[in-house]
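Remarks on the structure that follows.
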Amino acid sequence: MPTVCDTRSEMAAVQDAPVEADNEKEIKTETLNDAAGNHASAAGGVIPSPPVASTSSSGPAKAGGPGSEEQQTLMAVLQFLKKNNFVGAVDVLRREAGILEDSDESQGQELAASALGGAEAGDATCTLSRASSCTTSTPAVAAAPAKGGEDQPDVNVVLSAYSQQGDPALYQGYYSGLKKFVESVLDCHRAELSQLFYPLFVHMYLELVYNNHETEAKAFFEKFSGDQECYYQDDLRVLSGLTKKEHMKGNETLLDFRTSKFVLRISRDSYQLLKRHLQERQNNQIWNIIQEHLYIDIFDGMPRSKSQIDSMSGSLAGEAKREANKAKVFYGLLKEPEIDVPLDDEDEEGENEEGKPKKKKPKKDSMGSKSKKQDPNAPQQNRIPLPELKDSDKLDKIMYMKEATKRIRLGPESLPSICFYTFLNAYQGLTAVDFTDDSSLIAGGFADSTVRVWSVTPKKLRSVKSAADLNLIDKESDDVLERIMDEKSASESKILYGHSGPVYGVSFSPDRNYLLSCSEDGTVRLWSLQTFTCLVGYKGHNYPVWDTQFSPYGYYFISGGHDRVARLWATDHYQPLRMFAGHLADITCTQFHPNSNYVATGSADRTVRLWDILNGNCVRIFTGHKGPIHSLAFSPNGKYLASGATDGRVLLWDIGHGLMIGELKGHTDTVYSLKFSRDGEILASGSMDNTVRLWDSIKAFDDIETDDFTAATGHIHLPENSQELLLGTYMTKSTPVIHLHFTRRNLLLAAGAYNP
Amino acid sequence: MASPKTLPKDAQVMVQILKDMGINEYEPRVINQMLEFTYRYVTTIIEDAKIYATHAKKSSVDADDIRLAIQCRMDQSFTSPPPRDFLLEVARQKNQTPLPLIKPYTGPRLPPDRYCLTAPNYRLKSLQKKVTTSAGRITVPRLSVGAVSSRPTTPTLGTPSVQSVTTKVSTPVSLTGQRFTVQIPSSQAASAKSATPSTPTVQNVLINQSLIGSKNILITTNMVSQNSASDSSSLKRKHEEDDDYDAL
């Protein structure tokens with residue numbers, strides 16, 4: 001309140017007003033003191049530019065008698081007093097100011113018009129909407145506008161100049177008031193209503209910073225930042241360094257946060273309680289802020305417990321609205337193409353027992369029978385165009401199926417062996433690793449902007465001969481594929497130069513012909529693994545690209561980076577085909593669904609989003625992580641998604657229903673790699689804490705019974721069974737695990753750089 | 001000399017900043033790097049501000065100059081990604097077009113050659129120098145390939161070679177156009193591949209389209225005809241010798 005007085009005296013001094021101004025000031029102060037809540041609520045949370053405009057416009061008011069601006073303020077004050085039925089004060093003011101009774105009505109209209117005009121000159125829409133929201137949402141306010149809406153704005157606009165300075169104290173008051181209220185409600189509602197604290201705190205703080213109230217912002221921050229949940233500490237630390245409006249300008253994440261609505265899911269009962277409390281007179285300001293910045297998704301049912309809420313919250317945008325997770329997702333797998341007869345012939349040449357060929361045939365038939373009935377959860381074959389299989393691809397598939405028969409069945413009793421590939425002498429420069437599907441090649445991306453490819457098998461890496469030599473070979477011979485290779489170039493590893501920044505992601509194509517790498521220089525490069533040269537540089541992100549991945553069928557690939565957008569590219573288009581925008585912060589991890597129709601992106605805003613390639617829509621939003629997400633893995637049957645983040649937890653999501661179905665706690669540091677075994681029985685996770693852990697995924701997915709209730713309300717009570725699901729922890733010798741890969745026979749390969 | 005245990009004041013401030021931002025584990029070199037960055041940044045800003053102040057004919061640098069300097073530097077070096085509404089709008093437009101169908105059996109699926117990095121970025125030095133003594137009777141096809149280094153670095157074209165081409169052979173070459181056109185005045189249809197500079201008497205060379213990406217490579221053939229003025233040809237040769245040292 002003292003701050004308000006100061007402003008008024010300032011205004012009076014500037015306007016060089018006569019005695020009336022002093023009277024105004026006294027009366028005004030009194031009325032303001034009496035009806036602090038009222039006027040503040042009437043003023044609403046008006047944004048800065050109109051008050052700035054009005055102060056500047058009223059600033060240069062000339063001396064000598066009341067100028068037009070001062071007249072306006074007089075009128076505004078008069079109307080205010082009238083509304084609050086301070087008849088005596090109204091008379092005194094009128095007498096002192098020498099205003100005729102009938103002139104103030106018309107002046108009032110004028111004032112309203114001019115105020116509206118002035119407001120529109122500034123950043124008006126918010127003001128008007130706030131004013132209108134004030135009028136619509138404050139029926140309980142004693143200062144209900146008797147004359148309708150038009151009087152309210154002018155009072156608001158003019159008074160906002162004063163209330164703005166009063167805001168900081170009010171903000172603290174509002175927040176403390178809310179705290180007291182939440183502490184006073186029943187236990188069952190308290191957990192849900194406590195969700196309000198963090199978004200409100202951040203929005204109010206940002207509002208203060210944005211309006212250049214630096215000291216008040218700092219005071220507000222100091223007073224209330226300690227109350228927030230522990231998992232918001234990183235955000236709060238960033239906020240603590242942000243005290244001026246200029247600081248906010250470069251920070252896109254915060255700007256997005258300010259303009260987007262934080263989603264809260266609250267049960268109807270708790271919501272009614274909250275609404276009733278806030279619509280009382282003194283709490284309108286908070287109500288307005290809530291309406292402006294929060295989106296409250298109401299559900300019918302039992303209020304959630306603290307643990308339930310904690311498991312789902314943590315992201316920068318709140319939780320996901322129920323509608324966001326309601327779209328139909330085709331998570332089934334595409335049908336395997338039928339491979340021709342040669343399969344049987346080759347096998348007969350192989351192991352050659354009577355039993356075996358018979359086993360092969362039914363295997364082929366069973367695949368055929370599956371293809372006859374369409375899985376309702378699988379996308380159409382031609383939903384998105386996919387490259388057709390070439391002969392080499394068909395051979396690959398045959399190899400794949402052969403290997404699949406020799407696959408070890410894993411389970412809690414039969415754990416996989418783990419083979420660790422350690423990168424020595426990397427000096428913390430190893431930033432990305434990938435294996436080919438048949439585990440024959442390893443690629444490593446390094447901070448010195450090189451990409452190195454190694455051969456895992458004894459077979460060396462060879463590049464294709466030069467054009468001159470290729471003319472000389474016999475094209476008709478059977479082993480032409482070997483003859484095109486230049487024996488002189490054989491080596492264990494090849495180095496690929498081309499990027500101008502650390503390489504943050506590498507990905508092999510399924511046919512082992514290409515390698516993708518993405519880097520801090522903003523480009524994604526396609527390398528040929530036959531000539532070991534760079535073929536294409538895809539430019540589009542102008543900022544570091546953090547991850548890239550080829551589609552399981554080749555041809556398409558995605559990249560995600562600092563510009564908060566993930567792009568879908570095809571190798572033969574120099575521009576992206578799809579852009580997936582929606583994340584609030586950098587995209588740190590990208591992964592294709594096994595059926596190549598969907599793409600999952602994990603971001604530093606702590607959400608995982610699932611996008612449909614066909615139309616670019618976001619079909620799922622998964623919240624619950626408390627730190628940026630660094631690894632994603634789809635289960636081989638396409639139904640489930642696992643994500644790992646810097647908080648050390650691995651969360652399991654059911655894609656069809658859009659729910660969290662499991663939480664695996666155990667790691668103590670960022671989970672950098674996740675992989676399901678070939679048949680989905682085991683989930684392996686590798687982390688910065690130098691361990692690889694194996695989890696029983698069959699058991700984790702088995703326990704889920706998604707009945708209608710949980711599907712409707714979207715929350716499930718997660719069993720605390722991480723310990724039971726943990727099958728083993730394997731320590732490395734100070735080597736963080738960056739990548740995991742199951743060979744076709746279910747041997748687990750892991751990769752990392754030795755970091756003593 | 002300061003004893004190793006007491007850091008200079010700046011370094012102590014930097015340690016405190018790192019602590020406030022929650023960074024507790026770092027290599028000791030980080031402090032030096034941060035201090036270096038701070039020093040360089042502040043110096044740049046103040047120098048810029050000084051320039052602006054002198055431009056505005058002010059006697060001393062004031063806060064407005066500093067503010068302007070910071071703003072300009074922010075727009076230039078420390079840019080931030082586009083805002084969300086812009087991204088959403090662009091994404092909406094891009095996502096409306098259906099996915100293009102895939103042509104079957106096309107070999108390696110790569111973008112058009114001008115967007116690839118597959119073109120050679122070298123050129124061959126010819127044997128021209130030895131021929132100057134004779135009366136220019138021997139025609140040696142001169143193959144000079146002014147190369148453009150691949151993007152993202154800025155492409156540089158060997159422009160002198162272009163000029164020499166146009167003076168002699170009048171080969172209109174559109175460098176910035178979409179397509180690369182080379183018109184060879186004489187209409188002889190020898191279709192030898194241009195990658196063979198060893199044949200001495202080739203007068204006309206058809207450019208092999210596959211070696212050309214118009215922004216990436218410039219292949220020029222300069223035909224030295226027998227009776228042409230040897231001084232002009234020697235001039236041209238001098239040009240082209242200079243070309244040898246062009247930065248590629």
Side-chain angles (χ1 to χ4, degrees), chain A residues 233-234 237-238 240-241 246 249-252 255-256 259-260 384-388 390 467-468 498 500 513-514 521-523 525-526 528 533-539 542-543 554-555 561-565 568 570-582 584 586 613-617, chain B residues 17 19-23 27 67 70-71 73-75 77-121 149-153 193 195-196 208 210-211 213:
Chain A
Q233 285 312 317
D234 289 335
R237 200 174 294 126
V238 170
S240 69
E246 290 80 26
K249 274 195 204 135
N251 196 333
E252 287 300 324
L255 290 174
D256 285 351
T259 49
S260 63
I384 61 163
L386 287 173
E388 82 290 340
K390 299 198 285 259
S500 47
N513 286 335
Y514 301 117
D521 61 7
T523 61
R525 282 186 182 243
L526 184 74
S528 160
T533 55
C534 183
L535 296 177
V536 193
Y538 299 95
K539 299 182 196 45
N542 290 322
Y543 295 91
Y555 183 69
H562 176 64
D563 56 355
R564 299 157 9 255
V565 168
L568 177 80
T571 52
D572 59 2
H573 287 79
Y574 60 97
Q575 287 185 337
L577 300 174
R578 290 281 180 265
M579 284 180 57
F580 306 116
L584 293 178
D586 315 12
I613 286 182
L614 189 66
N615 46 25
N617 294 337
Chain B
I17 293 176
K19 202 165 101 171
D20 282 342
M21 295 311 285
I23 305 169
E27 290 183 8
R67 233 172 263 132
I70 293 178
Q71 188 61 41
R73 196 49 69 175
M74 278 277 278
D75 293 336
S77 310
F78 303 105
T79 51
S80 53
R84 197 156 166 243
D85 47 355
F86 176 76
L87 288 175
L88 285 170
E89 181 54 37
V90 171
R92 200 184 54 83
Q93 281 187 0
K94 192 125 229 171
N95 295 343
Q96 271 168 355
T97 54
L99 290 173
L101 295 172
I102 306 177
K103 298 190 204 80
Y105 308 122
T106 47
R109 295 194 163 99
L110 294 176
D113 282 338
R114 54 193 297 263
Y115 300 105
C116 288
L117 307 169
T118 46
N121 56 356
S149 56
S150 57
R151 292 183 257 153
T153 56
K193 275 204 176 188
T196 53
N208 190 346
S210 65
L211 288 178

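Proteins come first, then strands; the chains are lettered A, B, ... in the order of their sequence lines, and each starts at number 1.
- In this structure, B:L117 and A:V536 approach most closely via the heavy-atom pair CD1-C, 3.9 Å.
- One distance of note links CZ of B:R84 with CG of A:L255; it measures 11.5 Å at 0.5 Å rounding.
- Interface summary for chain A: among B:L88, B:T106, B:V90, the most heavy-atom pairs under 4.5 angstrom belong to B:L88.
- Identified under the side chain to side chain donor-acceptor pair (under 3.5 Å) test for residues 87-98 of chain B, with sequence neighbours left out: B:E89-B:R92.
- Of the residues considered (B:I17, B:L99, B:L87, B:T79), B:L99 shows the highest number of contacts with chain A, using heavy-atom pairs under 4.5 Å.
- For B:D20, the part lying under 4.5 angstrom from a heavy atom of chain A is the backbone only.
- With chain B as the partner, the residue from A:G241, A:G522, A:P387 showing the most heavy-atom pairs under 4.5 Å is A:P387.
- Under 3.5 Å, the side chains of A:Y543 and B:S80 contain no donor-acceptor pair of N or O atoms.
- Considering every non-hydrogen atom in both B:A91 and A:M579, the closest pair reads CB-O, 3.5 Å.
- Interface residue A:T571: backbone and side-chain heavy atoms are both found under 4.5 Å from chain B.
- A 4.5 Å side-chain heavy-atom check between A:E246 and B:I70 finds every atom pair outside the cut-off.
- Considering every non-hydrogen atom in both B:R109 and A:Y514, the closest pair reads N-OH, 3.9 Å.
- Checked against side chain to side chain donor-acceptor pair (under 3.5 Å), A:T259 has no partners two or more places apart in sequence or in another chain.
- Within the 4.5 angstrom heavy-atom criterion, no atom of A:N542 approaches chain B.
- With a 4.5 Å cut-off on non-hydrogen atoms, A:L386 touches chain B through its backbone but not through its side chain.
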